[in-house]
*Asks:* 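Below are the structure tokens for one structure; questions will follow.
Bear in mind that the values here come from a model prediction, so they are computed numbers and not experimental data. Each chain gets a letter, A, B and so on, in the order the sequences are listed, and its residues count up from 1.
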Number of protein chains: 2
Amino acid sequence: MADKKNKKRALDDEDDDDPQHVPFKRRLKPDQSILKTLQTLTKSVQSASASSKTLTLSDLSLSSSCREVSDLDLSSVQSSIERLVIRTALSILSNQGFAFDVPLRTSANQLYVPELDRIVLKDKTSSRPFASLSSVRKTTITARILQLVHQLCLKSIHVTKRDLFYTDVKLFQDQAQSDAVLDDVACMIGCTRSNLNVVAAEKGVVVGRLVFSDNGDMIDCTKMGMGGKAIPPNIDRVGDMTSDALFILLVEKDAAYMRLAEDRFYNRFPCIIVTAKGQPDVATRLFLRKMKMELKLPVLALVDSDPYGLKILSVYGCGSKNMSYDSANLTTPDIKWLGVRPSDLDKYKIPEQCRLPMTEQDIKTGKDLLEEDFVKKNPGWVEELSLMVKTKQKAEIQALSTFGFQYLSEVYLPLKLQEQDWL
Amino acid sequence: MADKKNKKRALDDEDDDDPQHVPFKRRLKPDQSILKTLQTLTKSVQSASASSKTLTLSDLSLSSSCREVSDLDLSSVQSSIERLVIRTALSILSNQGFAFDVPLRTSANQLYVPELDRIVLKDKTSSRPFASLSSVRKTTITARILQLVHQLCLKSIHVTKRDLFYTDVKLFQDQAQSDAVLDDVACMIGCTRSNLNVVAAEKGVVVGRLVFSDNGDMIDCTKMGMGGKAIPPNIDRVGDMTSDALFILLVEKDAAYMRLAEDRFYNRFPCIIVTAKGQPDVATRLFLRKMKMELKLPVLALVDSDPYGLKILSVYGCGSKNMSYDSANLTTPDIKWLGVRPSDLDKYKIPEQCRLPMTEQDIKTGKDLLEEDFVKKNPGWVEELSLMVKTKQKAEIQALSTFGFQYLSEVYLPLKLQEQDWL
């Protein structure tokens with residue numbers, strides 16, 4: 001008996017962190033057993049994607065009432081613009097003046113399609129006539145953006161939205177105007193915004209069991225040290241993805257990413273770790289989708305336990321309203337909510353002082369999310385979110401550091417994986 | 001005559017961008033001649049750094065009146081903490097209670113040293129006694145941070161400031177408190193904040209003619225595609241830098257960085273391109289300094305033509321006031337202001353509509369900068385800044401896109417280099 005007690009104390013003493021987490025550490029099985037669990041998950045995702053074909057709007061007979069862009073190559077974009085300009089010229093020559101037919105991108109023209117699990121754009125358009133005081137400026141801007149994008153096609157280079165704005169400040173006046181028309185033009189041509197070769201600033205990084213080519217250079221993401229590889233702004237120069245990972249770990253925050261990269265978590269549990277460092281940017285969303293589609297791996301998400309964590313997960317999963325015309329290319333289906341979930345706060349005994357009270361705005365955002373279709377269709381998510389709104393408590397991923405700096409990588413995540421504790 | 005005119009037209013026709021920049025393009029000599037200019041610059045920097053030793057506080061007989069931290073290894077930090085704790089314990093055992101002696105980091109205790117061209121901390125300290133109502137909390141926080149950093153030393157891992165905060169939310173209450181004491185602790189021990197193994201989030205990227213090791217992985221930055229390599233958060237795991245570059249191009253903004261990375265500017269003019277994407281973070285500052293020191297290359301800066309562009313340049317060059325105790329490790333001496341400079345706006349005929357009026361706040365910041373010692377000691381900078389404040393006009397790097405998307409990489413920068421147009 002005394003022996004047993006001593007043994008227990010010795011075990012506790014070994015651990016220089018808070019002893020509260022020891023019971024959880026003890027529950028961990030050998031890595032081999034956790035790896036088997038993961039292999040089962042990966043196989044099920046791969047066989048599911050092999051047997052089921054991705055649903056499209058036309059499968060649901062929605063292609064006439066909804067509008068979706070496709071991934072076009074540069075020469076298709078170029079010839080689309082040329083055809084559009086020729087039509088416009090003919091219209092002018094036949095004394096009919098000209099107008100652009102522009103798809104409406106307002107929320108009234110958006111639709112969440114549960115079968116697709118993403119937001120799509122309906123088919124309403126509005127006419128943008130040149131010969132009208134109210135639309136002459138916008139029509140001119142549209143023509144100018146078409147011309148600039150045509151130049152990008154000819155040169156085969158990428159620029160940022162800011163570059164585009166500066167090519168004609170006098171006309172565009174402020175960047176919000178050229179940005180908005182840029183999305184209009186993508187919709188008109190029926191391609192993605194990336195297809196126009198206009199990219200946003202890069203933010204995301206990736207590390208782990210992934211090899212891919214960036215602009216012709218082969219990148220091995222296991223050999224990227226702690227810093228990781230910056231995710232390229234232009235997805236069309238990314239290719240040749242190969243991986244021996246069992247899953248993709250999508251991380252909301254930089255700090256958690258850093259912990260996992262330094263501990264080389266991907267060596268213990270073969271995975272690819274990716275983060276956009278906060279709000280998902282277009283480049284990271286495209287990159288995640290490409291990985292998911294080419295490698296057919298399960299995606300597990302690690303976000304803060306607050307409404308914005310779930311919101312971020314939803315943007316990766318179902319798309320943002322502003323870019324709903326391109327949800328097919330930007331969204332990654334079937335992302336699992338691994339943690340930190342509201343129920344984890346009690347389950348993992350996160351101390352009260354590491355939890356934060358939700359503000360009025362947080363609670364409102366949480367309640368709004370409960371009304372969203374993409375939350376409603378997942379009963380587990382509804383339960384978790386209801387718990388959050390009820391307890392009015394939130395917590396960051398970093399709150400786990402209260403049990404020791406490496407608790408996240410050494411106890412919390414392995415246990416989550418072992419128990420298949422995702423929703 | 002007609003022939004000449006035709007020839008001119010043919011030349012203009014070749015260029016599908018604004019013809020205004022053609023005169024500048026014509027001034028460009030062959031790359032070989034520009035490369036020779038750069039080689040001369042590089043050699044002069046290298047011979048200067050070989051012949052002159054870097055001045056230190058003790059060279060200036062300032063080591064007793066100023067305080068500066070050194071780059072310590074983990075075991076030195078560990079034993080420093082242990083000695084400090086033993087002293088504290090002895091003081092308590094001899095019935096004297098205990099107090100920490102903490103260097104003052106307020107601006108009254110800061111000094112710009114022109115010979116060093118950076119801000120340093122003077123030697124005033126304040127006592128932080130445990131047995132005082134006004135300082136008992138701060139003293140306790142200091143002891144706790146010392147304990148946590150000691151743990152990091154034993155484990156040899158890195159964490160973020162946020163992680164550190166979450167290890168004891170009840171005591172720290174908010175992150176500003178643990179952050180401030182962390183800097184105090186670095187000062188007390190006499191090491192850099194990075195030596196404490198507490199790092200900030202990474203932001204910077206690097207691309208071009210540089211090979212280095214990140215946490216044991218060899219990274220070739222010419223093979224990092226367009227995305228580039230994310231700069232590692234912990235400089236102590238960076239090493240083995242080699243390069244055949246002639247200079248380092250320090251870029252303020254992401255968009256300009258992207259243009260240069262896509263155009264592989266570093267292949268035409270061998271260089272290393274680095275950006276912190278806006279405000280310089282500690283990791284990028286440390287990385288830039290390490291490159292400069294190890295490779296002995298000239299550093300040319302490309303920033304916006306506004307007071308913040310110069311301010312950013314000054315943070316890289318002379319340090320920020322908040323981290324003045326560590327200016328020796330964080331600052332990169334002798335950064336040249338390549339562009340976009342206020343005088344460039346007229347020289348390169350940037351159209352009026354691409355210039356922006358300075359706000360009252362901009363003008364105030366500009367005037368304040370004119371009073372700063374590190375600006376005053378460079379007459380060229382004073383002249384440029386005075387011009388900016390006088391014309392009340394600013395412009396972003398991106399304003400150059402008005403002459404064509406690749407004007408920056410194909411005309412502006414090559415011409416700047418050819419004309420050695422840096423200050």
Side-chain angles (χ1 to χ4, degrees), chain A residues 16-17 148 151-152 154-155 157-160 162-170 199 201-203 205 213-219 222-234 237-238 253-255 258-259 261-263 277 283 351-354 396 398-402 404-406, chain B residues 16-17 148 151-152 154-155 157-160 162-170 199 201-203 205 213-219 222-234 237-238 253-255 258-259 261-263 277 283 351-354 396 398-402 404-406:
Chain A
D16 48 3
D17 303 321
L148 289 168
Q151 268 185 35
L152 293 178
L154 293 176
K155 294 193 174 182
I157 58 167
H158 295 79
V159 298
T160 60
R162 192 78 184 149
D163 285 312
L164 203 72
F165 162 67
Y166 265 115
T167 53
D168 204 337
V169 180
K170 207 170 190 166
V199 297
E202 55 187 37
K203 255 186 358 148
V205 280
S213 67
D214 174 3
N215 207 6
D217 297 329
M218 286 311 294
I219 312 284
T222 59
K223 302 212 168 74
M224 286 293 131
M226 245 186 92
K229 171 74 177 84
I231 291 177
N234 43 344
R237 301 216 170 161
V238 168
K253 294 270 197 68
D254 205 23
M258 232 193 66
R259 171 83 280 117
E262 183 172 54
D263 293 351
K277 302 182 182 175
E352 279 299 321
Q353 67 264 26
C354 295
E396 296 181 38
Q398 264 25 67
L400 295 166
S401 299
T402 193
F405 294 119
Q406 290 171 300
Chain B
D16 47 4
D17 305 319
L148 290 168
Q151 269 185 32
L152 293 177
L154 293 176
K155 293 193 174 183
I157 57 168
H158 295 78
V159 299
T160 60
R162 192 80 183 147
D163 285 311
L164 203 72
F165 163 66
Y166 265 114
T167 53
D168 203 339
V169 180
K170 207 170 191 168
V199 298
E202 56 186 36
K203 253 184 3 147
V205 281
S213 66
D214 175 2
N215 207 7
D217 297 329
M218 287 310 295
I219 312 285
T222 60
K223 303 215 167 75
M224 287 293 130
M226 246 185 91
K229 171 74 178 83
I231 291 178
N234 43 345
R237 301 218 170 161
V238 168
K253 293 268 197 71
D254 205 24
M258 233 194 65
R259 172 82 280 115
E262 183 172 55
D263 293 353
K277 302 182 182 174
E352 280 299 321
Q353 67 266 24
C354 296
E396 296 181 36
Q398 265 24 67
L400 295 165
S401 299
T402 192
F405 294 120
Q406 290 171 299

*Asks:* Without swapping roles, check the side chain of A:D217 against the backbone of B:G225 for a donor-acceptor pair under 3.5 Å.
*Replies:* yes
*Asks:* Measuring heavy-atom distances to chain A, does B:L400 have an atom under 4.5 Å in its side chain, in its backbone, in both, or in neither?
*Replies:* neither
*Asks:* Between the side chain of B:S213 and the main-chain N/O of B:G216, is any donor-acceptor distance below 3.5 Å?
*Replies:* no
*Asks:* Pick one of side chain, backbone, both or neither for B:T222, based on which atoms fall under 4.5 Å of a heavy atom in chain A.
*Replies:* backbone
*Asks:* In Å and rounded to the nearest 0.5 Å, what is the CD to OG1 distance from A:Q353 to A:T402?
*Replies:* 6.5 Å
*Asks:* Under 4.5 Å heavy-atom distance to chain A, tell me which part of B:K277 shows up: side chain, backbone, both or neither.
*Replies:* side chain
*Asks:* Which atoms of B:I219 are under 4.5 Å from chain A, going by heavy atoms: the side chain, the backbone, both sets, or neither?
*Replies:* side chain
*Asks:* Which pair of heavy atoms, one from B:S401 and one from A:T167, lies closest together, and at what distance?
*Replies:* O-CG2, 3.4 Å
*Asks:* Please identify, among B:D263, B:V238, B:L152, the residue contributing the most non-hydrogen atom pairs under 4.5 Å to chain A.
*Replies:* B:L152
*Asks:* Can you say whether A:L164 sits under 4.5 Å from chain B via the side chain, the backbone, both, or neither, judging by heavy atoms?
*Replies:* both
*Asks:* Measure A:V159 against the heavy atoms of chain B and call it side chain, backbone, both or neither at under 4.5 Å.
*Replies:* both
*Asks:* Which residues pass the salt bridge (Lys or Arg N to Asp or Glu O under 4.0 Å) test with B:K229, not counting sequence neighbours?
*Replies:* B:D214
*Asks:* Supply the atom-to-atom distance B:N234 CG to A:M258 CE, rounded to the nearest 0.5 angstrom.
*Replies:* 6.5 Å
*Asks:* B:E262 side chain to A:H158 main-chain N or O, any donor-acceptor pair under 3.5 Å?
*Replies:* yes
*Asks:* So which part of A:D168 gets closer than 4.5 Å to some heavy atom of chain B, the side chain, the backbone, both or neither?
*Replies:* neither
*Asks:* So which residue, A:R237, A:K170, A:K253, ends up with the most heavy-atom pairs under 4.5 Å with chain B?
*Replies:* A:K170
*Asks:* Side-chain contact test, heavy atoms from C-beta onward, threshold under 4.5 Å: evaluate it for B:R259 versus A:T160 and give yes or no.
*Replies:* no
*Asks:* Given a strict heavy-atom distance threshold of 4.5 Å, which part of A:E396 is in contact with chain B: side chain, backbone, both, or neither?
*Replies:* both
*Asks:* Heavy atoms only, distances under 4.5 angstrom: which of B:L148, B:V205, B:N215, B:I231 has the most pairs with chain A? Name it, please.
*Replies:* B:N215
